[in-house]
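Just follow the structure's listing: the first ligand is 1, and inside any ligand the first atom is 1. Remember, it's a predicted structure, so these values are computed and weren't measured experimentally.
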Amino acid sequence: MKGNLETKSEELKNMEKENEILAKMKDEFTAKFGAQETRAYFSPGRVNLIGEHTDYNGGHVFPCAISLGTYALVADRADNKTRMFSMNLADKGIIEFDMSGLTYDKAKDWANYPMGVVKVFEDAGHKAAHGFDILVYGTLPGGSGLSSSASIEVLTALILNDAFGFGLDMVEMVKLSQKAENTFVGVNCGIMDQFAVGMGKQDCAILLDCNTLEYRYSKIALEGASIVITNTNKPHSLASSAYNVRRAQCEHALNELKEVKPELNALGELSNEAFNQLAGAISEPLERQRARHAVLENNRTLEAVEALEANDVVKFGKLMNESHYSLRDDYDVTGKELDTLAELAWQVDGVIGSRMTGAGFGGCTVSLVKNEAIEAFKEKVGKAYTEKIGYAPSFYVANIADGTHRIK
Ligand code: GLA
């Protein structure tokens with residue numbers, strides 16, 4: 001547990017950093033859109049501590065929002081047009097779109113995420129009365145699997161809700177954001193990312209039952225240890241098509257299980273014992289394996305949260321490692337880069353647990369590392385990974401942050 005003084009100075013440092021970012025953004029906003037009154041927003045990214053590929057299987061997840069994310073400066077416009085500019089993707093220029101009747105447009109590149117949210121809001125009866133000038137700046141490393149898309153989706157949802165007084169609560173905005181990603185962008189993701197981004201709470205992870213959307217916060221007080229995110233920096237992964245294949249395999253397995261157990265709604269409803277008894281009903285061995293991961297990972301997540309809440313961080317770490325084995329062996333979503341990072345981490349003294357986080361195939365691992373071992377961890381893992389893979393990973397010590405909010 002950090003002392004009060006240390007926490008305070010860290011908070012101050014974060015505020016100073018945020019003010020610096022907002023000042024730079026204000027200059028850029030004026031340069032791009034002219035001097036105007038603006039409102040400021042922040043939407044975090046997320047890291048999932050355990051419970052992977054369980055959300056769309058009606059299981060539990062245990063993610064938290066992090067202090068890396070997406071900032072926006074917003075000004076109202078009198079007409080129906082929105083203009084957006086990203087400081088991270090300056091070469092894409094200012095992207096313009098109308099606030100009604102939107103369809104996916106490849107030429108509008110990253111703006112399809114906010115456009116999707118505008119469209120889903122309109123379809124749900126929450127029609128925008130005018131457009132905006134919006135400047136965004138992201139501190140999340142691109143393509144890292146830390147949910148930059150969910151971050152900008154929920155950000156857009158809050159901007160709309162605030163401007164037009166739709167009166168939606170955050171869970172409703174989270175659901176609409178997921179819908180935008182599913183139906184507009186065309187990525188068949190579960191609800192974890194948008195939920196963690198929108199509902200995040202400082203110093204807490206969220207235990208979410210994705211079957212019922214019941215959730216509760218669990219305080220993360222790691223005595224003398226930190227959450228370290230390591231980015232494989234793997235370029236171009238084919239994550240979304242392989243992701244959809246995994247979903248389809250699990251759905252098919254569930255349908256076969258339903259033939260022998262008609263009341264079953266989701267793999268997340270099964271205990272490990274019940275699954276072992278029923279598994280023979282799944283005809284394809286590969287699909288049996290995928291379903292086994294979904295069931296065991298869900299129950300492992302519940303066990304892990306229980307351990308953490310009983311201050312048994314060591315057990316939590318072991319379960320993180322087991323989660324990685326299962327994602328590697330049964331679910332097959334790790335790959336050389338993530339496996340290398342996890343295997344190297346397991347060898348470092350002071351590492352309590354380490355696993356891939358997010359969809360997999362590339363992206364990041366999450367590790368619990370004792371504070372005094374963090375430097376050695378970065379050095380050892382960084383060096384050996386670079387030797388084996390040919391390029392370096394990046395490291396971020398995660399601060400657990402609040403969900404999407406307006407900055408006052
Ligand atoms: C991606 C998806 C989530 C979830 C994870 C895997 O991040 O967006 O819905 O399925 O993969 O746990």
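- Panel note: side chain Asn112, backbone Asp105; a donor-acceptor pair is recorded below 3.5 Å.
- In this structure, a donor-acceptor pair under 3.5 Å is absent between the side chains of Thr365 and Ser354.
- Near Gly190, the atoms of ligand 1 lying under 4.0 angstrom from a non-hydrogen atom of the residue are 9 (O).
- At least one donor-acceptor pair under 3.5 Å links the side chain of Thr301 to the backbone N or O of Glu297.
- Interface atoms of ligand 1 facing Tyr56, defined by a heavy-atom separation under 4.0 Å, are 10 (O).
- Checked against a 3.5 angstrom limit, the closest N/O atoms of His53 and ligand 1 fall inside it.
- Taking every heavy atom of Asp55 and a limit of under 4.0 angstrom, the matching atoms of ligand 1 come to 3 (C), 4 (C), 9 (O), 10 (O).
- Atom numbering of ligand 1 starts at 1 in the shown order; those under 4.0 Å from a heavy atom of Tyr243 are 1 (C), 2 (C), 3 (C), 4 (C), 9 (O), 10 (O), 11 (O).
- By the 3.5 Å distance cut-off applied to N or O atoms, Cys189 is not counted among the residues near ligand 1.
- Ring-centre distance between Trp346 and Tyr325: below the 6.0 Å cut-off.
- Applying the 4.0 Å criterion to heavy atoms of Arg46 picks out, from ligand 1, the atoms 7 (O).
- The distance criterion of under 3.5 Å between nitrogen or oxygen atoms is met by Glu52 with respect to ligand 1.
- Residue Gln194 places every heavy atom at 4.0 Å or more from ligand 1.
- A donor-acceptor pair under 3.5 Å links the side-chain atoms of His53 to the main chain of Ala359, judged by distance alone.
- No donor-acceptor distance shorter than 3.5 angstrom exists from the side chain of Ser226 to the backbone of Val369, with no hydrogens or angles considered.
- Contact annotation: for Arg247 versus ligand 1, there are no heavy atoms closer than 4.0 Å.
- A donor-acceptor pair is defined here as one N or O able to donate and one able to accept, closer than 3.5 Å; no such pair exists between the side chain of Glu153 and the backbone of Ala180.
- No side-chain donor-acceptor contact under 3.5 Å links Asn298 and Thr54.
- Of the protein's heavy atoms, Asp193 OD2, 2.9 Å lies nearest to atom 7 (O) of ligand 1.
- Near Gly358, the atoms of ligand 1 lying under 4.0 angstrom from a non-hydrogen atom of the residue are 6 (C), 11 (O).
- In terms of protein heavy-atom proximity, atom 5 (C) of ligand 1 is closest to Met192 CE, 3.7 Å.
- Under the 6.0 Å distance and 45° angle rule, Lys201 counts as a cation-pi partner of Tyr217.
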